[in-house]
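Right, one structure below, let's go through it.
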Amino acid sequence: MSKEKGYDFAAIEKKWQNYWDENKTFQAVMDHSKPKYYPLVEFPYPSGQGLHVGHPRSYTALDIVARKRRLEGYNVLYTMGWDAFGLPTENFAIKNHIHPEIVTKDNVAHFKAQLKSLGLSFDWDREINTTDPSYYKWTQWIFIQLFKKGLAYKAKMNVNWCTSCKCVLANEEVVNGVCERCGGEVVHKEKSQWMLKITEYAQRLIDDLSLVDYFDRIKATQINWIGRSTGAEVTFQTTLGDPLTVYTTRPDTLFGATYMVISPEHPLIEKWADSIQNMDEVRAYQAEAAKKSDFERTEVNKDKTGVKLDGVKGINPVNDREIPIFISDYVLVSYGTGAIMAVPAHDTRDYDFAKVFRLPIIEVVKGGDIEKEAFTDCETGIMVNSGFLDGLSVEEAKVKIEDWLEETKKGVRKVNYKLRDWVFARQRYWGEPIPIVQCEHCGYVPIPESELPLRLPEVESYEPTEDGQSPLANIESFVNTTCPKCGAPAKRETDTMPQWAGSSWYFLRYCDPHNDKELASKEALDYWMPVDWYNGGMEHTTLHLLYSRFWHKFLYDIGVVSCPEPYAKRTSHGMILGEDHVKMSKSRGNVVNPDQIVAEYGADTMRLYEMFMGDFQLSAPWNPRAVSGCKRFLDKVWNLQEKVVDGDSYRKELETPFHQTIKKVTEDIEALKFNTAIAAMMSLMNQIAAVGSINRAEYRDLLILLNPFVPHITEEIFERQGFMGPITSCSWVSYDEEKCKENTVEIAVQVNGKIKAKMTIPSDMESADVIAAAKRDEKVASEIEGKTVVKEIYVKGKLVNLVVK
RNA sequence: GCGGGUAUGGCGGAAUUGGCAGACGCGCCAGACUUAGGAUCUGGUGUUCUUAACGUGCAGGUUCAAGUCCUGUUACCCGCACCA
């Protein structure tokens, strides 16, 4: 039931949405006579809940950009699709005994209807769906190329295992020690997994950020995640004869190493098992560490624990001193060499450990108070107790010791990254099958490309198995095959790819979505790529955004694409919060349904409000009452139809406001400042209302200016007024810089920085004249009377300040 | 602990290079038109002891002039977190 009056938005919006569909208004066709523009928004996961009000914030923003660009004469590619593989669909399918394909189809239909109701200018002929075999054929194809280049490999390793999804997770998917998706407990498990060697691209993923225009915070987050550090690998001999290599960023403190620590999973422990006298204690500690969840293991301020290995010692290469070796879970097996030299005087963790185990603490950098705490400063300290390093600064010492290590072959300079290789397999049904066969004779063999796509088989049950295998493992007709190389009986890989696979290259498919010969034609890729402007959520910065940059770089290396980076520009929108200023969630009951807003106020109001509610980059709470303010504005625009007078140019009193507003809107859209662009148009509307009428030229331009924001109402009025339309085939309005200037300005007059008067002057008045006029002002004159003016300042068009004594 | 962000009226938020703090919208107050108003229109609306003073988380500083620059500090939000 609508309580709002005003124009009939429901009929108008339906009418124009049909018009755009029937006329394929937004169809993107390659046209070398026009400059191309490729704005991109993250395609959604079509969940059962339907569209969230957060989705349209991003979609509308780039829709505004896309519509403006078209009016400016660009050939625009703006598209939508579905990132439809994933666990929620699978879980829903299991629970309700419906095939995931059908669940996906229903969800997509619902999402699509919701998006269409918003009047977004997508080219729906290019719609893609990652679960479509004609799409995942190419996801599999890329995997095979990665395999051929040695970037996809299978390895037995310690992985994150979600106990609830019964599935492995990538490092990026473990959040606060629990599963990002379901919140289930994550434990470590030794498993043989397909991995992608993203680490091989770590340096380029950092370096090439200089080629792109991303928000600084996005770059910073990615650099931080990749986590580059420089230092040295140093090899310690041990009393059992096996060398033990450690990684350190502080080789300068080598003389201060008083013990060593290796991770509980370190392979040397097994090798040394017979020589270690307290092996029972060691095994007990290992078992304890393995049992701990990620959450427990990374708990902050946890007391240091460990076990000393009896029967083996390390030998410090710099002074041949024998030092004890411990195992402790504060050393991670997956970073560096899984072993460290401990310098308690200059590392807070080693310091804590040394205190617990009463180990010697030797100061080698002077400047702190190691009785109280570790001294970790690298800027000010001077080397002491360090033989040939004594007296040097930390920086000098680093260079000297690294040279020494390399000369004596006791160590090498080394760069390390926190980034890990990408665990690229999931033990679930609803994902892309990995197109690999395991043959007893030939090992892992990719299936021939002519057999792609390797389709998901029909199964009875999608339930993951208790033993950690994919449901596909139970389908004998799928598993049993022959080796593509030697023809012998062989078995298919039964794990599927993670959710992030399909989204790692989808922007390429949009360029040529129906191609069945290649993932996209070279011509289409060369024409449309790179994406000119990509907007999406901050939460994807270390997931999708990093993964897709990696895939794109790989495709660049093998000659599929011609640009080294996929996205020229990346921005992020803030979250839309509930009315109570916290994240919308079902349990809080603060979720706003976009359908309801569209039904009650119309898509144009919905679009306008989401763009007006605040700074696009920051989170903003939903205010149901403020929505009606946007509707009121549109009603005023509509009602202007009764106040139209003749006229083929701006009337004098509206000329400057029009030019100023056009300039502001034109610039603000580019700067993501939709809120102030809308404020400027509301302001212009108020000035028109004050005049009491609008002439045809003014109305026409106002409608074009508003069109990218509110496309339906503006097209309707345009048509009713008999302007040459539709607006989608018009040109963007232009402004004249000269005409943005006011003839007269009001300036403030200050005395000693305090405002005493205001005066209106011609904007081109000379400085001396302005100051003279200011002094003549009655109020000002009385303020300065009997005092000396020591300084006179005139800021053109702003203010006069007289400094008096 | 590390990295990033935010702080301005009753509310959402504006404010190039430092230059009239509070644009625009919501809400609120008053009036008009009305049988009616949760519609529409008009005017008003930072605070106070209103010839003026005080006001952008807090404390200092620089400057003729600071929301904006500098130093220190607090609170909240987001990401990472025993990465040697």
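Reckoned from all heavy atoms, side chains included, excluding hydrogens, waters and symmetry mates. Chain naming here is simple, since letters A, B, ... match the order of the sequence lines and numbering starts at 1 in each. Given the structure is predicted, the values throughout are model-derived calculations rather than measurements.
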For this session: Using a 3.5 Å limit on both pairing distances, list the dot-bracket string of RNA chain B from the 5' end; Watson-Crick and G-U wobble pairs count, crossing pairs take [ ], interstrand pairs take |.
Result: (((((((..(((......[....)))((((((.......))))))(((...)))..(((((..]....))))))))))))....

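Taking each heavy atom of Leu634(A) and Tyr7(A) in turn, the nearest pair found is CD1-OH, 3.8 Å. Of all heavy-atom pairs between Pro56(A) and Val53(A), the closest is CD-O, 3.1 Å. Scanning both residues, Thr376(A) and His346(A), for their nearest heavy atoms gives CG2-O, 3.5 Å. Taking every heavy atom of both residues into account, Leu209(A) and Arg549(A) meet most closely at CD2-NH1, 3.4 Å. Shown here for Pro657(A) and Leu684(A), the closest heavy-atom pair between the two residues is CB-CD1, 3.7 Å. Listed here is the closest heavy atom pair of Arg57(A) and Leu618(A): NH1-O, 3.0 Å.
Taking only side-chain atoms of Glu746(A), from C-beta outward, the nucleotide of rC82(B), rC20(B), rG3(B) with the closest atom is rC20(B). Here the nucleotide nearest the side chain of Asn224(A), chosen from rU6(B), rA84(B), rG79(B), is rG79(B). Comparing atom distances between the Pro621(A) side chain and each of rG5(B), rG13(B), rC20(B) picks out rG13(B) as nearest. You'll find that the side chain of Ala220(A) is closest to rG4(B), out of rG4(B), rG19(B), rU6(B).
When rounded to the nearest whole Å, the span between CZ of Arg625(A) and C1' of rA39(B) equals 17 Å. Atom P of nucleotide rG3(B) and atom NZ of Lys418(A) are separated by 11 Å, given to the nearest angstrom. Taking atom CZ of residue Phe633(A) and atom C1' of nucleotide rG25(B), one finds them 11 Å apart after rounding to whole Å. Regarding Leu543(A), its CG atom lies at a distance of 12 Å from the P atom of rG79(B), rounded to whole Å. When rounded to the nearest whole Å, the span between CZ of Phe612(A) and P of rA14(B) equals 10 Å. The CE-C1' distance, from Met538(A) to rC78(B), rounds to 8 Å in whole Å. At whole-Å resolution of the value, OH in Tyr7(A) and C1' in rA39(B) are 17 Å apart. We find that OH of Tyr351(A) is positioned 17 Å from P of rG1(B), with the value rounded to whole Å.
Spacing between rC80(B) and rG9(B) at atom P, rounded to whole Å, works out to 32 Å. The C1' atoms of rU16(B) and rA53(B) are separated by 31 Å, rounded to the nearest whole Å. One P atom belongs to rG22(B), the other to rG44(B), and the distance between them is 15 Å to the nearest Å. The separation of rG13(B) from rG25(B), taken at their C1' atoms, amounts to 9 Å, rounded to a whole angstrom. One P atom belongs to rC69(B), the other to rU48(B), and the distance between them is 31 Å to the nearest Å. Spacing of C1' atoms, rU34(B) relative to rC26(B), comes out at 25 Å, to the nearest Å. Nucleotides rA81(B) and rA65(B) have their P atoms positioned 48 Å apart, rounded to a whole Å. Taking the P atoms as reference points, rU47(B) lies 15 Å from rC29(B), given to the whole Å.
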Exercise. Could you write nucleotides 41-56 of chain B as a row of B, S and -, 5' to 3', where a protein heavy atom under 4.0 Å of any base atom gives B, of only sugar-phosphate atoms gives S, and otherwise -?
Worked result: S----------S-S--

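The pair Arg413(A)-Glu402(A) counts as a salt bridge, with a side-chain nitrogen and a carboxylate oxygen less than 4.0 angstrom apart. One finds no salt bridge joining Asp777(A) and Lys779(A) here, because no Lys/Arg side-chain nitrogen approaches an Asp/Glu carboxylate oxygen to under 4.0 Å. Here Lys663(A) pairs with Glu667(A) in a salt bridge; the nearest charged N to carboxylate O distance falls below 4.0 Å.
Taking only side-chain nitrogens and oxygens, Tyr330(A) never comes nearer than 4.0 Å to OP1 or OP2 of rA84(B). One finds a side-chain N or O of Ser229(A) lying less than 4.0 angstrom from the OP1 or OP2 phosphate oxygen of rA84(B). Side-chain N/O atoms of Asn686(A) include one lying less than 4.0 angstrom from OP1 or OP2 on rG25(B). OP1 or OP2 of rC11(B) has not a single side-chain nitrogen or oxygen of His581(A) nearer than 4.0 Å.
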Might you list the N or O atoms of the protein lying below 3.5 Å from N or O atoms in nucleotides 63-65 of chain B, with each pair's distance?
residue	atom	partner	partner atom	Å
rC64(B)	O2'	Asn801(A)	ND2	3.3
rC64(B)	O2	Asn801(A)	ND2	2.5

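For the pair Lys219(A) (side chain) and Val212(A) (backbone), a donor-acceptor distance under 3.5 Å is present. Between the side chain of His573(A) and the backbone N or O of Ser58(A) there is no donor-acceptor pair closer than 3.5 Å.
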Exercise. Are Thr245(A) and Thr235(A) close enough, and set up right, to give a side-chain hydrogen bond (donor to acceptor under 3.5 Å, both in side chains), and what steps lead you there?
Worked result: CA-CA 4 Å; Thr245(A) 302; Thr235(A) 300; 3.2 Å; yes

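Lys741(A) pairs by the salt bridge (Lys or Arg N to Asp or Glu O under 4.0 Å) definition with Glu738(A), not counting sequence neighbours. Contacts of Phe353(A) classified as ring pair (Phe, Tyr, Trp, His ring centres under 6.0 Å), with partners at least two apart in sequence or in another chain: Tyr259(A), Phe326(A), Tyr330(A), Phe357(A).
The closest side-chain donor-acceptor pair between Thr221(A) and Thr541(A), if any, does not fall under 3.5 angstrom. Between the side chains of Tyr214(A) and Thr571(A), no donor-acceptor pair of N or O atoms lies under 3.5 Å.
Within 4.0 Å (heavy atoms only), Asp615(A) reaches sugar-phosphate atoms of the nucleic acid but no base atom. If you check every strand for non-hydrogen atoms under 4.0 Å, Ser619(A) touches sugar and phosphate atoms only. Here Glu539(A) lies out of heavy-atom contact (under 4.0 Å) with every strand.
The stretch residues 664-681 of chain A touches RNA chain B through Lys673(A), Asn675(A), Thr676(A), Ala679(A), each having a heavy atom within less than 4.0 Å of the strand.
Mapping Asp350(A) and Gly614(A) onto RNA chain B via the closest heavy atom, the residue that lands nearer the 5' end is Gly614(A). Each of Gly338(A) and Arg217(A) was assigned the nucleotide of RNA chain B with the nearest heavy atom; the assignment lying further toward the 5' end belongs to Arg217(A).
Residue-to-nucleotide contacts include no donor-acceptor pair under 3.5 Å from the side chain of Lys798(A) to the base of rC20(B).
With a glycosidic angle further than 90° from 0, rG72(B) counts as anti.
From Phe236(A), atom CZ reaches atom CD1 of Ile325(A) across 9.5 Å, with rounding to the nearest 0.5 Å.
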